[in-house]
Amino acid sequence: MDSITSAASVVAAGLAVGLGSIGPGIGQGSASQGAVEGIARQPEAEGKIRGTLLLSLAFMESLTIYGLVVALVLLFANPFS
Amino acid sequence: MAPLPLALPFAALEVGHHLYWQLGHYKIHGQVFLSSWVVIAALLAVVVTGTRRLERDPRGIQNLLEFLWDYLRDIAREYIGEKAYRDWLPFIGTLFLFIFVSNWGGALIPWKVIHLPNGELGAPTSDINTTIALALLVSLAYFYAGLSRKGFRYFEYYVEPTPIMLPFKIVEDFTKPLSLSFRLFGNILADELVVAVLAFLVPLVVPLPVMFLGLFTSAIQALIFATLAAYYIGEAVHEEHH
């Protein structure tokens, strides 16, 4: 692999994870906010809220993971090398 | 295999190195087969010993198995619906148990003591081929579920509520297995990578909390995979009430 390709791949891998985590971060924050408000308003529903929250957090997290998969492909299985 | 752009010695972590077995024209990843055979053997051993002598008052392994059965039945019933869930409970349950035991087995069993000539043992689900196979099974399952229950009326689902949705629903059929497989693969591989990088930087104590976080996320990922599979099947067998 020539050096310009590897440099571009490393930069792109960083950007893929970095930019890809902005949106899910905001989303997870607002989801947790909603859950905390729900628990504060209705403490007896905590178990149900927690289960749903964890599931939806994992869904949002998977968006970042897609960025990570792209980064890993660029670093370890680069198609342009 | 491309040489790594980074010259970092990744704590003997080998991404993209595999133990190749030649099977006819195909090169298969041997380490995935070895670890998934271990997982399958462990699952079979637990299930067979747990159900050999059934008692009215469950104790020990039978108790655990009944708890698991209840848990999986609740997932299947909630997402597939009262009518069809019995047909699909074995499928959902198998998916959940296989993925769960694979994820935890990859993290908990000390695979490093076994040296392979190439590649390393780990969770079978940290290989993209395993997860894509599982995701395609889910795709086949929901097509079969819809077609067998509703016949060709299943395709009405594509034009409901309006025919404008048709292209999106067709694209969805492709993105469903894609996102299912990438989500599981990425999460499990990311867990392994994070633990490996931390263990490379600080070999003692510090990786422990991340390992526990990894156990937690891998359990959640197994639950999510099973839940989504159940949801897709439920979507396919769902009857509109007019």
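To find a chain, count down the sequence lines: A is the first, B the second, and so on, and within it residues start at 1.
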Which atoms of B/L228 approach chain A - backbone, side chain, both or neither, heavy atom under 4.5 Å: side chain
Check: A/S62 and B/F182 side chains under 4.5 Å, non-hydrogen atoms: no
CZ/B/F143: more than 12 non-hydrogen atoms of other groups inside 6.0 Å: yes
Pairwise distance CG(B/L189) to CZ(A/F76) - rounded to 0.5 angstrom: 8.5 Å
Audit row: A/Y66, B/L178, side chain to side chain contact (heavy atoms under 4.5 Å, CB included) steps and yes/no: CA-CA 10 Å; A/Y66 297 156; B/L178 195 74; over 6 Å; no
Gap between atom CG of B/L193 and atom CG of A/L72 - 0.5 Å precision: 5.5 Å
Distance (rounded to the nearest 0.5 Å) between B/I220 CD1 and A/E61 CD: 9.5 Å
Residues, nucleotides or ligands: over 12 heavy atoms within 6.0 Å of B/K169 NZ: yes
Greater than 12 external heavy atoms within 6.0 Å of B/I170's CD1: yes
Rounded distance (nearest 0.5 Å) linking atom OG1 of B/T217 with atom CG of A/L57: 12.5 Å
Over 12 foreign heavy atoms within 6.0 Å of OH, B/Y158: yes
Residue among A/L68, A/I65, A/V69 satisfying side-chain contact (heavy atoms from CB on, under 4.5 Å) with B/N187: A/I65
